[in-house]
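Below is one structure, written out as structure tokens; comments come after it.
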Amino acid sequence: MELIVTEKDNAARRIAEILSGDSASTDRQNGVNVYRWGGTRCVGLSGHVVGVDFPPEYADWRDVQPVELVDADVVKTPTQENIVRTLKQLAADASTVTIATDYDREGELIGKEAYELVREETDAPIDRVRFSSITENEVREAFSNPDELDFDLAAAGEARQVIDLLWGAALTRFLSLSAKQLGEDFISVGRVQSPTLKLIVDREREIQAFDPEDYWELFAELQKDDVGFEAQYFYEDEDGNEAERVWNEADATEAFEQLRGARDAIVESVRRRSRTDEPPNPFNTTQYISAASSLGMSAQKAMSVAEELYTAGYITYPRTDNTVYPDDLDPEELLSAFTQHYLFGEDAESLLTAEAIEPTAGDEETTDHPPIHPTGEIPSKEDLSEDEWEIFELVVRHFFATVAEPAEWEHLKVVADANGCLLKANGKRLVEPGYHEVYPYRSTAENHLPDVAEGELLGIDDARIEAKQTQPPRRRGQSRLIEELESRGLGTKSTRHHTIEKLYDRGYIEGDPPRPTKLAMAVVEAAEKFADRIVDEEMTAQLEADMKAIADGEKGYEAVTDESREILEAIFQELHDSREEIGEHLRTSMKADRTLGPCPECGESLLIRRSRRGSYFVGCDGFPDCRYTLPLPNNGEPTVIDETCEEHGLKQVKMLAGRSTYVHGCPQCKADEADEAEDEIIGACPECGDEHGGELAIKTLRNGSRLVGCTRYPECEYSLPLPRRGEIEVTDESCDEHGLPHLLVTDGEDDDDPWELGCPICNYAEYRERQTATEIEDLDGVGAKTAEKLAAAGIESLDDLRNADVASVAAEVQGISEDRLREWQAQANAGAVAE
DNA sequence: GCAAGGTC
């Protein structure tokens, strides 16, 4: 039997289709797809199926000195046991094995991992094929000219794995131990995440150190006949450049007086030029994320939607660095796939009428995957969620744009002299819309100026002066950060968005655009002082150079990893004496991130704390001497924001709970409001009204939540949730079914359009129903398609998922692994706790 | 429980 091993199931299926001429059948073995035709079997891995780690005796952080990790062994253990078992079973019966993992460094290493697993079972020959896209020609060509595994290239990847583990684990443990943070709030550092964090911290330092400068700008309205247009004052600076900002007030006032005295303005010059506006290059991952972000999608969301569309077969693989379409992509053919479509048809037809179709191309041509483009298979809009359709359309239109004509703009610059003051006005007009006709994501705003000629006299009106200040540099948004990481060679197409997400999870950044926490500033400071390499992007550059040397056979794996161990060892010698100091610095900063302000009872600080049961509350730093506390809401993670409550001098609290993130405000105010609020009785309790006379009342709790609850609480726990915000009004209307009055919620901002909540029992029932309908799709990486598949397997709500037998669901649903399901199950359970 | 890199 001949065995073919690919990097992922999707690749295995497509290769099987090509090589078998569509005759392959699918078996499930240990829950893994195995494609079979004739005497051939083809199986897909799931990326790395083994992982590197320390031997078990290093597992306990308290028993092992972090420095001991520097010289510890590193062992490989299976992480995807079902796949490893299947691979070995297949290998035992194989007469030849072909490794067909992705054509890049990590693919070579994944191939070597498969090689070693196969070698445990058989001496059969193992060869390697390489192809840059899974198309009939490329695949057939590759399989008719098999090559050998490149062990040097794989060793380069192994060196990276080991160095990342040693540095990451040893320094992470050191920092966590020194700050006595061993639980889930450990303090992590790594070769990629820490320079990324430093990038964010450095920008924050620039902002903090920024000293604004005053300047003035002058404007006037020029008029030709009845048409007015704005013009701006400018002058020639010392370097002979055109400048608009006047840097001292006296000059500005003088120029303004002069401008104000102008009766008219004479046109000095009119310059027209045309500018070509080139269509975008094919999408790599970074550019795709960036485009999706201008549609308001986070990097994480953009990637999970793209993965959905990819697994469903509508777009190509979404993780790629490539910005050049492969030769075998026939743009005409792909366009033809859209000509019959009710939405895309017209655009596709018009693009096909061009004389020659020449796609744009970027600078990066790689061998792993083609740029992201539609496959030609078109989903119906109803089958996709809104986000999925939006992204599908983006990818289709982006492909259209890459084969469309450039646009042409006409720029017009008018310079006029007004009483000795020079004024300029810029106009632009889109002469040839070109690719904009099929790609509506970029601005085509025009600025029309009237037709004026040199020497013409124009009216002048409305001269004004504006005092301004220079602004600090802006924080980078997520997609801007990812672009920055790419340009600095940090991380990879598949990891950059995870890196950012990790910084959020670790409590290093908050908000959007991300801002560093005090802890992040302290971690970067500590690292800069004692282990500069870990926050320096140079470490990646050096590693890349070493990996290249290993791949080229110029350096050995041992030499590179030994050298790295020595450097790390030296760092630990430095760190040794500063442990206390570093720990203290980190702890102080962490506390600062959680501090609200003075305790009203004792004057110490009020902090966000966590009870032993895991719920958050506000407690005094003077505990146990001072036992002052305030409650917090029980959904989400509290975080301190900059706004301060003037009455209590406490910073406000924001609750991070994914989609339902909200500002809780000052916890003291919330508690006071609840203490003052009177319960308002609205009817009998449906649980205990008949028997015990319990009544339902609208209640406000000290943690800010409101509910309809029984007056016999805690004997009777019947309750219905109410919204946190807005004024609740009890109306005269009542519910036929439950006998309770209808409620009206008036939000301060939107007085005219109150929310008719209705009967609280009916409202809650409807709310639950809506929840169930969308909750599955709220899980990471689940889109409409996957939700549909899960529903077909009987999983329609989070409750279903919590109670599901993962193994049997995985066996029933194609393309969803047990691991994935387990992750979702964990998310569903975490959600249950948060509720 | 640590990293970063695959994949889902």
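Quick note on labels: first sequence line is chain A, next is B, and so on, each numbered from 1.
Looking at A:D9, its side chain has no donor and acceptor atom pair within 3.5 Å of the base of B:dC8.
Residue contacts shown for A:G491 are limited to sugar-phosphate atoms, with no base heavy atom under 4.0 Å away. Within the nucleic acid shown, A:D60 comes within 4.0 Å of at least one base atom, counting heavy atoms only. Contact annotation for A:V49: no contact, since no heavy-atom pair falls under 4.0 Å across all strands. Residue A:R173 is in base contact, counting any heavy-atom pair closer than 4.0 Å across all strands shown.
With distances taken from any side-chain atom of A:I110 to the nucleotides B:dG5, B:dC2, B:dG6, the minimum falls on B:dG6. Of the candidate nucleotides B:dC8, B:dC2, B:dA3, B:dA3 has the atom nearest to the side chain of A:Q193. Across B:dA3, B:dG6, B:dC8, the shortest atom-to-atom separation from the side chain of A:H498 is found for B:dC8. Checked against B:dG6, B:dA3, B:dC8, the side chain of A:H48 finds its nearest nucleotide in B:dG6. When distances are taken from the side chain of A:S494 to each of B:dA3, B:dG6, B:dC8, the shortest belongs to B:dG6. Of the candidate nucleotides B:dA3, B:dG5, B:dT7, B:dG5 has the atom nearest to the side chain of A:T495.
Put simply, A:R506 has a side-chain N or O that comes within less than 4.0 Å of OP1 or OP2 on B:dA3. Using a 4.0 Å cut-off, some side-chain N or O of A:K502 falls inside it from OP1 or OP2 of B:dA4. Contact annotation: A:R105 side-chain N/O to B:dG5 OP1/OP2 distance is not under 4.0 Å. Between A:S46 and B:dG6 there is no side-chain N or O to OP1 or OP2 distance below 4.0 Å. The side chain of A:Y317 places an N or O atom within less than 4.0 Å of a non-bridging phosphate oxygen (OP1 or OP2) of B:dT7.
Between A:L171 atom CG and B:dA3 atom C1' the separation is 11 Å, expressed in whole Å. Between the C1' atom of B:dC8 and the CD atom of A:Q80 lies a distance of 9 Å, rounded to the nearest Å. Between A:E486 atom CD and B:dG5 atom P the separation is 14 Å, expressed in whole Å. A:E113 places its CD atom 13 Å from the C1' atom of B:dA4, with the value rounded to the nearest Å. Residue A:W61 contributes atom CH2, which lies 7 Å from atom P of B:dA3 at whole-angstrom precision. Between A:M303 atom CE and B:dG6 atom C1' the separation is 13 Å, expressed in whole Å. One can place NE2 of A:H497 at 11 Å from P of B:dG6, the figure rounded to the nearest angstrom. In this structure, A:L175 places its CG atom 11 Å from P of B:dA3, rounding to the nearest Å.
Contacts of A:H369 classified as ring-ring contact (aromatic ring centres under 6.0 Å, His included), with partners at least two apart in sequence or in another chain: A:Y317. Judged as a ring-ring contact (aromatic ring centres under 6.0 Å, His included), and not counting sequence neighbours, the contacts of A:F151 are A:Y115. For A:H585, the side-chain contact (heavy atoms from CB on, under 4.5 Å) partners at least two apart in sequence or on another chain are A:A522, A:E525, A:S589. A search for ring-ring contact (aromatic ring centres under 6.0 Å, His included) contacts involving A:Y508 returns nothing, not counting sequence neighbours. Among residues two or more places apart in sequence or in another chain, the ring-ring contact (aromatic ring centres under 6.0 Å, His included) test is passed with A:F572 by A:F174.
Each of A:T492 and A:A59 was assigned the nucleotide of DNA chain B with the nearest heavy atom; the assignment lying further toward the 5' end belongs to A:A59. Map A:R160 and A:F186 each onto its nearest nucleotide of DNA chain B; the residue landing nearer the 5' end is A:F186.
The backbone N or O of A:V70 sits less than 3.5 Å from a side-chain atom of A:R565, completing a donor-acceptor pair.
Listed by residue number, there are no residues of residues 557-572 of chain A with a heavy-atom contact under 4.0 Å to DNA chain B.
No side-chain N or O of A:S615 forms a donor-acceptor pair with one of A:R610 less than 3.5 Å apart. A:T98 and A:D127 share a donor-acceptor pair across their side chains, judged by distance under 3.5 Å alone.
Here the options are A:N322, A:T316, A:N284, the test is side chain to side chain contact (heavy atoms under 4.5 Å, CB included), and the partner is A:P371; only A:N322 passes.
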